[in-house]
Number of protein chains: 2
Amino acid sequence: MAKTSAGGAQALPLDSIIAGDCIEAMRALPDASIDLIFADPPYNLQLKGELHRPDNSRVDAVDDAWDQFDSFAVYDAFTRAWLAEARRLLKPNGAIWVIGSYHNVFRLGAELQNQGYWILNDVIWRKTNPMPNFRGKRLTNAHETLIWASKSESAKPTFNYEALKALNEGVQMRSDWVLPICTGHERLKGEDGMKAHPTQKPESLLHRVLIGTTNPGDVVLDPFFGTGTTGAVAKMLGRRFIGIEREESYRKVAQRRLDKVRPLSLEALAVSTSKRAEPRVAFGLLVERGMLRPGEELQSLNGRHSAKVRADGTLTAPDVTGSIHQVGARLEGAPSCNGWTYWHFKRDGQNVPIDALRQQIRDEMGE
Amino acid sequence: MAKTSAGGAQALPLDSIIAGDCIEAMRALPDASIDLIFADPPYNLQLKGELHRPDNSRVDAVDDAWDQFDSFAVYDAFTRAWLAEARRLLKPNGAIWVIGSYHNVFRLGAELQNQGYWILNDVIWRKTNPMPNFRGKRLTNAHETLIWASKSESAKPTFNYEALKALNEGVQMRSDWVLPICTGHERLKGEDGMKAHPTQKPESLLHRVLIGTTNPGDVVLDPFFGTGTTGAVAKMLGRRFIGIEREESYRKVAQRRLDKVRPLSLEALAVSTSKRAEPRVAFGLLVERGMLRPGEELQSLNGRHSAKVRADGTLTAPDVTGSIHQVGARLEGAPSCNGWTYWHFKRDGQNVPIDALRQQIRDEMGE
DNA sequence: CTAAACGTTGAATCTTGGT
DNA sequence: CACCAAGATTCAACGTTTA
């Protein structure tokens, strides 16, 4: 595929599965073209014989004295390579999710940090129905760890705070997610009736990831596509996806699965948004519109202070004059203050925050 | 201190706090002398500006000098050094616990693996009452990660499977542990009334670690002793401890704390080793949480019988040991008994059913 | 007296947009 | 990039004061 000189998104093989090795396939994609990467890398290394040690000696699968150090060195080299490609592909405000268990997640996390990714949270997928530890020599391994990281410290990653809060019954989403493992009808079977993939992730997990950290239309890359859970949920949620998968059998199952997915309507895709996404309203507009009269007195939230509205949209109190925020902050001795929720006016004997007037204006603008 | 040629435990400064840097202090201890290490190293939080709650109050951040490192390279070198000393000190079948957050735990885990430690489980401490994310820019950081590792792959670490199972309603203990953070009376205060240490760990966490992975009489080393939670729980549970702490103020608080701890009786310490019927409720959590003290006496509903609480959440009476239900049934000569309503404890001169404590826990967990 | 209201705090990598 | 101002944002557990 030809890259465009601009690295334009039109070069991307959207909504399709690329056959091949994940590192080579990523090399063919343009810089800074991806909004989000979700990666579930293998940790049962079938890499012997296909990779070289850091000193370039070839690792042989059969007769090699395959000690632990070699094993970690090879795994780290593999991790370093695909994470570097992944970072090149991310837009400046892009982010990545990786998932792993204690076998590999510490290598993943350390390498993310080494490459300049900025960890935003680690998230625990707490399985409601894990496989028990049969030998009674360990604790039941009842969770996996996800790491959410932005491309750099200065990035401004997508985070739909209000949508996740709504998913969590009105309290902010925590870093531990309680979700069942993938079983039943959701678990894809091969033609032999056996499970098609050993570690198929539940769609609920991807649903939460994509609702929380992407917007509709975003491009999501999964370099270890497997049976395509990332693609299926992305398509359902109105996101674009690119999958990379080496094994033909997985690609076949994934493509069949994807063909059956019907995207949700735009209406169904709408999520709760934060105030930050709404248009700014100048306090002065409330005065101009006659919603507050110059000279009218406002009361503070706690009732301890008052200030008068002036015709230019500033407030004045005995010792301070300025914006609604500045006056509130000064009177409270606080470094900052949200004047919209701090100041109240009287209507029908009730104290009403001036934020209600702002909301009224926003409602009119939205009509 | 002179090492004995056998590395004998008699050279160990048991049940005391060593003043000084953890690496130097460990160098003075003999090879292969420690059964278990619990380490809560600095997290390298890298906090920048100040953080305020929405009500404008200031968050008291962990900004102590001991948590400051110039780079990952410096932090890694520090980690490498203390983990190497720690490994030298462990007996061949010894094990280590480390605790951290996403800031440092990937460095810890990777270095453990690099040094030949063998990870047995990662364990998630899920906090019932974490600090929220005040700016709505991340997920609530609601957990910390512990890593449990043996000295080598071939080691046979202590694992009290049945005791942990008994603590967990008779089902296998999982890798996610739900426990509150350290607050209230347990949180140690300095003379100024402020918290004595910024990151004091709850005793319930150490209780579970020590019950599960040590035996009475084992030697437990904590190279980052702080205010001595590890020592306090070890002493209570009949384990020996060695603490290393650099800061004099922490040592003073820890020593005062340790002096007040009364070790449990042997009887209370006995830990079940045989299989038995599944208790239906997590009585053990009441013990871990300190709501009932091992050795404490419970009275029967009719006042005719009494039994003692043991550290693994079983009861013992003169002729019978087992779950709260089993012991109640045996003493009454009944086929079954609801231990929750049968057993009572004394609080403020009143007999209160232990069910009240269960209800308290359920309330906390939102059931 | 109790109940309700109010205040405090916890290992935190915690903003955005305009000039 | 620096600087400045607007303005968005919290949950559970304790402890203390008020009604």
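Because the structure is predicted, anything quoted here is derived from the model rather than measured. Per chain, numbering begins at 1; letters A, B, ... match sequence-line order.
Following rounding to the nearest Å, B/R187 (CZ) and C/dA11 (C1') show an atom-to-atom distance of 9 Å. One interatomic measurement links the two molecules: CZ of B/R135 to P of D/dA8, which rounds to 11 Å at whole-angstrom precision. Going from atom CZ of B/R58 over to atom P of C/dA12 covers 12 Å, rounded to whole Å.
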Expected list for residues 69-76 of chain B: side-chain donor-acceptor pairs under 3.5 angstrom, two or more places apart:
unit_1, atom_1, unit_2, atom_2, d
B/S71, OG, B/A73, N, 3.3
B/S71, OG, B/V74, N, 3.2
B/Y75, OH, B/P42, O, 2.6
B/Y75, OH, B/N104, ND2, 3.0
B/D76, OD1, B/R107, NE, 3.1
B/D76, OD2, B/R107, NH2, 2.8

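The base of C/dA12 has none of its N or O atoms less than 3.5 Å from a complementary donor or acceptor on the side chain of B/K48.
Look at B/E50 and B/R58 and you find a salt bridge, because one of the NZ, NE, NH1 or NH2 atoms lies within 4.0 Å of a carboxylate O, short of that distance. At a threshold of 4.0 Å, the pair B/D55-B/R53 does not count as salt-bridged, since none of the basic side-chain nitrogens sits closer than that to a carboxylate oxygen.
Both tests hold for A/R87 against A/Y117: distance to the six-membered ring centre under 6.0 Å, angle to the ring axis within 45°. A cation-pi arrangement, defined by a distance under 6.0 Å to the six-membered ring centre and an angle within 45 degrees of its axis, is absent between A/R126 and A/W177.
Phosphate proximity of D/dA6 to A/R358: absent, as no side-chain N or O sits under 4.0 Å from OP1 or OP2. The phosphate of D/dT10 has OP1 or OP2 within less than 4.0 Å of a side-chain N or O from A/Y161. Listed pair B/H185 / D/dG15 meets the phosphate criterion, a side-chain N or O lying under 4.0 Å from OP1 or OP2. Note on B/K127: every side-chain N or O is 4.0 Å or more away from OP1 and OP2 of D/dC11.
If you check residues 313-334 of chain A against DNA chain D, the residues with a heavy atom closer than 4.0 Å are A/S323, A/H325, A/Q326, listed by number. Annotation: proximity of residues 139-149 of chain B to DNA chain D (heavy atom, distance under 4.0 Å) is found for no residue.
Shown here, C/dC14 forms no base pair; nothing in the strands shown gives a Watson-Crick or G-U wobble contact with both key distances under 3.5 Å. Base pairing annotation: D/dA8 forms no Watson-Crick or G-U wobble pair, as no partner gives both donor-acceptor distances under 3.5 Å.
For B/W82 and B/F224, the gap between ring centers is short of 6.0 Å.
Residue B/V105 is out of contact with every strand shown, counting any heavy-atom pair closer than 4.0 Å. In this structure, B/Q200 reaches neither bases nor backbone, as no heavy-atom distance under 4.0 Å exists between it and the strands shown. Nucleic acid contact for B/P41: base, since at least one base atom lies under 4.0 Å from a heavy atom of the residue. Among the heavy atoms of the strands, none lies under 4.0 Å from A/N168.
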Dump every N/O contact between nucleotides 16-19 of chain C and the protein below 3.5 Å, one line per pair.
unit_1, atom_1, unit_2, atom_2, d
C/dT16, OP1, B/K137, NZ, 2.9

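Separation of the C1' atoms belonging to D/dA19 and C/dC1 is 12 Å when rounded to the nearest angstrom.
The B/M131 side chain lies nearest to C/dC14 when the options are C/dC14, D/dA8, D/dC11.
Taking A/T213 as the reference, A/W97 meet the side-chain hydrogen bond (donor to acceptor under 3.5 Å, both in side chains) condition, with sequence neighbours excluded.
Looking at A/K275, A/H344, A/Q360 one by one, the single match for side chain to side chain donor-acceptor pair (under 3.5 Å) with A/D355 turns out to be A/K275. For the pairing with A/W343, the side-chain contact (heavy atoms from CB on, under 4.5 Å) check across A/V309, A/L301, A/L292, A/V327 returns one residue only, A/V327.
Residue order along DNA chain C, read from the 5' end via each residue's closest nucleotide, puts B/N129 first among B/N129 and B/Q46.
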Next item on the list: Summarise protein proximity over nucleotides 3-9 of chain C in one line of letters, 5' to 3': B for base, S for sugar-phosphate only, - for none, counting protein heavy atoms closer than 4.0 Å.
Entry: ------B
